[in-house]
Protein chains: 2
Amino acid sequence: MGKPRYTRIKEHIIRRIDTSRWKAGDRVPSENALATEFGVSRMTARRALQELGEEGLLVRTQGLGSFVADARPMSSMLTVRSIDEEITARGHQHRAEVLLLEAVPAERTNALLLGLGEGAEIFHSILLHWENTLPLQYEERFVNPRFGPEYLSQDFTVTTPSHYLSSISPLTEADQSIEAVTVDSEIGRALQIKRGEPCLKLNRRTWCQRGIVNISTLIYPGSRYRIGGHLNF
Amino acid sequence: MGKPRYTRIKEHIIRRIDTSRWKAGDRVPSENALATEFGVSRMTARRALQELGEEGLLVRTQGLGSFVADARPMSSMLTVRSIDEEITARGHQHRAEVLLLEAVPAERTNALLLGLGEGAEIFHSILLHWENTLPLQYEERFVNPRFGPEYLSQDFTVTTPSHYLSSISPLTEADQSIEAVTVDSEIGRALQIKRGEPCLKLNRRTWCQRGIVNISTLIYPGSRYRIGGHLNF
DNA sequence: TGTCTATACTTGTATATACAAGTAGACTGT
DNA sequence: ACAGTCTACTTGTATATACAAGTATAGACA
């Protein structure tokens with residue numbers, strides 16, 4: 001029913017920041033000052049300041065005080081969801097077609113990145129993901145057998161590589177990039193697009209604690225897909 | 001020097017999750033249980049659990065307990081920085097060329113989105129951003145005069161539209177999308193790319209508390225630019 | 001069988017208190 | 001003039017306590 005009291009204090013401070021009454025760099029009242037002003041204990045006032053600090057609106061330094069943070073820079077984020085979730089969330093039907101599923105010797109690929117020796121085997125898969133009757137994503141992966149030993153025996157018309165890999169080992173990190181490319185005729189045929197049509201290409205490396213789990217490239221036709229994101233500063 | 005005690009408890013829990021001793025869905029000990037186990041007060045144990053909840057490793061529900069969260073889905077983020085920061089961060093020279101800077105009547109544009117009446121004026125700018133001797137970004141903006149009244153008199157060879165707008169009014173939200181496109185000959189000539197070369201197109205709408213501040217589209221040649229991001233799950 | 005209640009547990013909020021640790025400025029003594 | 005110290009204020013950590021509120025289960029009762 002009634003909001004907790006520390007939210008009142010937070011709202012009070014946010015209001016003063018939004019209306020520019022307190023500007024970037026200004027000192028906001030101390031925990032004790034807010035406590036007496038609002039008639040609460042210091043720990044309650046503290047909680048308000050602390051959460052605002054975690055949310056990035058304030059910068060707090062021991063011994064000095066709490067200050068209004070600089071306006072956040074325009075840099076922001078784009079989210080990339082798992083393809084099957086995204087399609088089913090739209091109420092459409094997702095189907096995965098396995099174009100290739102094999103073990104290849106390490107020297108033929110970028111296995112060095114995976115931290116394996118020369119002769120080692122590496123798993124390689126190519127899937128095509130359909131939304132209803134149109135192909136939407138061409139997915140190629142190289143998987144480290146250490147972290148996904150049963151990869152080749154999975155039925156990817158039921159699960160997806162992404163689900164399998166994240167169920168096997170807790171993923172801790174990833175880096176990725178996105179670029180605009182044109183694709184060769186083989187991929188273009190699979191995706192049923194015209195020659196020269198621009199595509200989004202998403203390269204991703206995923207890590208668990210002990211090494212790289214997989215390297216994947218996802219390709220979307222530019223005319224059928226956009227990556228979207230909403231962001232609260 | 002010595003870490004605070006609640007971090008010990010956090011590390012203890014994280015260890016058990018990372019080594020799969022506690023798996024997704026498992027219940028972790030209650031605040032009171034941890035308190036007696038570690039010989040601390042409940043509020044200290046609570047802090048450990050609470051922070052882990054905020055970090056997404058645990059899901060806490062009142063009355064039930066704290067549970068290990070599902071492995072985070074593969075969805076992740078791509079960061080988009082301000083173009084001038086990015087170029088200068090690479091140690092290169094950034095230069096902005098103003099191709100157009102004007103006020104246009106609202107009906108000619110998507111001014112409805114900006115929440116303005118028919119006859120209102122709207123600011124329109126096109127800039128080309130150079131990295132050393134190569135054009136890297138074609139930037140087109142429609143700006144709401146209410147939130148950037150001095151927009152037309154800015155010298156964008158010194159500042160950037162992004163800097164000006166975020167200095168004027170505190171930006172609270174944005175949504176954006178990215179797609180792969182080919183561009184018309186005018187933009188292609190400006191960017192010095194061949195006909196049909198794929199480009200990344202980034203559409204963004206930025207909001208402050210009281211309405212849409214601006215609508216912008218950024219276009220990068222696919223061969224010269226990729227959006228990158230690193231992520232800790 | 002089904003429903004309501006009591007109870008035991010959980011997390012959430014709030015207070016009062018104590019001490020630790022970092023910062024700035026004033027005040028000291030040389 | 002300068003260096004060191006002391007003080008006042010800040011945030012950080014930790015405890016003990018109390019009550020509120022949500023959940024599930026066991027048991028009483030119709």
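Residue numbering restarts at 1 for every chain, and letters A, B, ... go by the order of the sequence lines.
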Ring geometry between A:Trp22 and A:His12 (parallel below 30°, tilted from 30 to 60°, perpendicular above 60°): perpendicular

Over all atoms of both residues, closest heavy-atom pair of A:Phe147 and A:Val213: CD1-CA, 3.9 Å

Shortest non-hydrogen contact between B:Leu101 and B:Gln154, atoms and distance: CD2-O, 4.3 Å

Side-chain heavy-atom pair B:Asn214, B:Leu165 within 4.5 angstrom cut-off: yes

Heavy-atom check, side chain of A:Leu202 versus side chain of A:Ile227, under 4.5 Å: yes

Which residue lies more 5' along DNA chain C, comparing A:Pro4 with B:Val28 via nearest heavy atoms: B:Val28

Nearest-nucleotide comparison on DNA chain C, the residue closer to the 5′ end among B:Leu49 and A:Arg5: B:Leu49

Touch class at under 4.0 angstrom, heavy-atom based, for A:Arg46 against every strand present: base

Heavy-atom contact window of chain B on DNA chain D, given 5' to 3' at under 4.0 Å: D:dT13 to D:dA24

Contiguous Watson-Crick or G-U pair runs (3 or more, under 3.5 Å) in DNA chain C: C:1-30 with D:1-30

Selection: residues 29-43 of chain B, any non-hydrogen atom under 4.0 Å of DNA chain C: B:Ser30, B:Glu31, B:Arg42, B:Met43

Ring centres under 6.0 angstrom apart (A:Phe156, A:Tyr151): yes

Over 12 non-hydrogen atoms of neighbours within 6.0 angstrom of CD in A:Glu37: yes

Chi angles and distances behind the side chain to side chain donor-acceptor pair (under 3.5 Å) call for B:Tyr225, B:Glu131: CA-CA 11 Å; B:Tyr225 190 77; B:Glu131 176 169 25; over 6 Å; no

Option passing side-chain contact (heavy atoms from CB on, under 4.5 Å) with A:Ile14 (candidates A:Thr19, A:Leu52, A:Ile9): A:Leu52

A:Glu51 with A:Arg47: basic N within carboxylate O range, under 4.0 Å: yes

